[in-house]
Amino acid sequence: MQQFDLLIFDWDGTLADSESLIVTSMQAAIRELDLPPREDAAIGQLIGLGLSEGMQALYPEIDTDELIRLLMGYRARFVGQGHKEAPLFEGAEETLQRLGNTGYQMAVATGKPRPGLNRSLRHHQSLRQLFVTTRTADETANKPDPLMLREILKELDVPVERALMIGDTEYDAAMARAIDMPMLGVTCGVHEPGRILAAGAVALIESVASLPAWLQGRQ
């Protein structure tokens with residue numbers, strides 16, 4: 001008997017190998033907007049947070065609303081010139097197909113904005129039909145607030161103990177822990193294993209490709 005009915009996935013760093021692309025894009029914005037320089041590592045550690053929280057952490061000395069306005073203007077120009085899409089981690093697509101065929105419901109809870117997630121799903125067409133619902137940071141509360149998880153559970157009428165959050169950051173673990181939802185960490189993303197465990201993950205796996213074996217061991 002399956003322990004879980006619903007698997008909720010983070011996107012960046014969990015399904016998509018996007019760290020280098022996100023960091024490179026942010027560094028380009030920093031240069032064009034003449035913002036104070038930041039190290040790649042500092043930017044990478046904010047992946048998974050919503051834009052507002054991320055910018056507050058990266059530039060606490062700058063008004064967040066004004067900074068976001070500048071970034072939105074830059075982003076509009078950047079996307080208009082063409083936007084590269086991060087590849088999925090090896091085995092992720094096949095694993096999701098397998099889990100769907102096994103009978104799991106699957107959803108996405110991401111710090112990406114809705115236009116960004118829609119763009120990613122258009123690029124990875126094979127995944128669109130696998131997710132019964134999705135939530136993004138700009139249409140609900142940002143991580144680590146658990147509101148997006150609460151909304152998914154309510155929409156699908158799934159008890160919290162029958163759902164599993166899968167993610168690569170302490171923000172994913174913290175929002176799941178806030179509502180007593182089990183959380184499984186993947187170590188292929190941006191946060192060190194110890195941070196994910198300290199934030200409440202029940203266990204760690206190397207990547208989503210290892211998820212079926214982990215679930216099998218829980219039956």
Side-chain angles (χ1 to χ4, degrees), residues 8-33 35-59 67-68 71 74-75 78-79 81-96 108-124 127 131 134-138 142-144 148 165-176 183-199 201 204-211:
I8 305 174
F9 295 89
D10 170 57
W11 187 271
D12 291 313
T14 301
L15 296 176
D17 189 4
S18 49
E19 180 179 3
S20 62
L21 183 60
I22 292 172
V23 171
T24 298
S25 299
M26 187 62 200
Q27 290 290 20
I30 288 172
R31 290 191 297 271
E32 178 163 322
L33 299 174
L35 296 170
R38 293 293 187 266
E39 296 291 333
D40 287 355
I43 298 171
Q45 291 302 302
L46 302 177
I47 295 173
L49 284 178
L51 182 60
S52 179
E53 288 77 6
M55 291 306 98
Q56 285 177 344
L58 196 62
Y59 288 106
L67 181 55
I68 290 176
L71 286 172
Y74 169 79
R75 177 179 288 178
F78 176 73
V79 172
Q81 296 170 0
H83 180 79
K84 294 181 180 179
E85 190 60 46
L88 301 177
F89 282 107
E90 183 177 357
E93 180 178 356
E94 296 80 2
T95 298
L96 292 176
V108 171
T110 176
K112 296 169 77 69
R114 173 55 63 182
L117 180 60
N118 287 346
R119 187 172 57 244
S120 296
L121 289 173
R122 284 194 300 269
H123 184 81
H124 300 291
L127 300 190
F131 299 118
T134 61
R135 287 296 187 281
T136 60
D138 58 339
N142 295 324
K143 299 176 183 181
M148 64 174 69
M165 177 70 206
I166 302 103
D168 70 305
T169 70
E170 64 178 36
Y171 317 127
D172 299 311
M175 74 171 182
M183 185 273 180
L184 179 66
V186 296
T187 60
C188 56
V190 298
H191 281 180
E192 296 177 354
R195 288 181 65 177
I196 307 173
L197 287 172
L204 299 172
I205 56 175
E206 184 177 354
S207 69
V208 166
S210 302
L211 180 55

Peer 1: Output the distance between atom CD (E53) and atom CG (L46), rounded to the nearest 0.5 Å.
Peer 2: 10.5 Å

Peer 1: Quick one: do V108 and L121 satisfy side chain to side chain contact (heavy atoms under 4.5 Å, CB included)? Show the steps, please.
Peer 2: CA-CA 11 Å; V108 171; L121 289 173; 5.8 Å; no

Peer 1: What I'd like to find out is whether the side chain of T110 reaches to under 4.5 Å of the side chain of F9, using heavy atoms alone.
Peer 2: no

Peer 1: Does a side-chain heavy-atom distance below 4.5 Å link V186 with L204?
Peer 2: no

Peer 1: Is there a side-chain contact between I166 and I8, using heavy atoms and a 4.5 Å cut-off?
Peer 2: no

Peer 1: Measure the SG-CD distance between C188 and E90 for me, rounded to the nearest 0.5 Å.
Peer 2: 11.5 Å

Peer 1: Which atom pair, heavy atoms only, marks the closest approach of I30 to P36?
Peer 2: CG2-O, 3.8 Å

Peer 1: Determine the minimum heavy-atom distance between G13 and S18, stating which atoms define it.
Peer 2: N-OG, 3.7 Å

Peer 1: Is it true that the side chains of T134 and R114 contain a donor and an acceptor less than 3.5 Å apart?
Peer 2: yes

Peer 1: Are side-chain heavy atoms of L15 and H124 found at a separation under 4.5 Å?
Peer 2: no

Peer 1: Could you go through S52 and I68, starting from their C-alpha distance and side-chain angles, then the distance that decides it, and tell me whether this counts as side chain to side chain contact (heavy atoms under 4.5 Å, CB included)?
Peer 2: CA-CA 7 Å; S52 179; I68 290 176; 4.0 Å; yes

Peer 1: From M183 CE over to L197 CG, what is the distance, rounded to the nearest 0.5 angstrom?
Peer 2: 9.0 Å

Peer 1: Between M165 and D10, is there a side-chain heavy-atom distance shorter than 4.5 Å?
Peer 2: yes

Peer 1: Do D12 and E19 pass the side chain to side chain contact (heavy atoms under 4.5 Å, CB included) test, and can you show the C-alpha distance, the side-chain angles, and the key distance before you say yes or no?
Peer 2: CA-CA 7 Å; D12 291 313; E19 180 179 3; over 6 Å; no

Peer 1: Going by the rule salt bridge (charged side-chain N to carboxylate O under 4.0 Å, His left out), which residues pair with D172 if we only count those two or more places apart in sequence or in a different chain?
Peer 2: K143

Peer 1: Is there side-chain contact between E206 and F89, with at least one heavy-atom pair below 4.5 Å?
Peer 2: no

Peer 1: Nearest heavy-atom pair of T187 and P193: which atoms, and what distance?
Peer 2: CG2-CG, 3.8 Å

Peer 1: Hey, what do you get for CG (L67) to CG (L58), rounding to the nearest 0.5 Å?
Peer 2: 8.0 Å

Peer 1: Of all heavy-atom pairs between P144 and A174, which one has the smallest distance, and what is that distance?
Peer 2: CB-CB, 3.9 Å

Peer 1: Answer yes or no: is there a donor N or O on one side and an acceptor on the other, between the side chain of T14 and the main chain of D168, under 3.5 Å?
Peer 2: yes

Peer 1: Mind checking what makes side chain to side chain contact (heavy atoms under 4.5 Å, CB included) contact with S120, not counting sequence neighbours?
Peer 2: W11, E85, K112

Peer 1: Which residue pairs satisfy the salt bridge (charged side-chain N to carboxylate O under 4.0 Å, His left out) criterion with at least one member in residues 38-51, sequence neighbours excluded?
Peer 2: R38-E61

Peer 1: For the pair T169 and I196, evaluate side chain to side chain contact (heavy atoms under 4.5 Å, CB included) and give the outcome as yes or no after the intermediate values.
Peer 2: CA-CA 6 Å; T169 70; I196 307 173; 5.9 Å; no

Peer 1: Taking C-beta and beyond as the side chain, do P113 and T136 meet within less than 4.5 Å on heavy atoms?
Peer 2: no

Peer 1: Tell me which one of Q45, H191, M175 satisfies side-chain contact (heavy atoms from CB on, under 4.5 Å) with E170.
Peer 2: H191

Peer 1: Please examine the side chains of Q27 and I43, heavy atoms only from C-beta on, and report whether any two atoms are closer than 4.5 Å.
Peer 2: yes

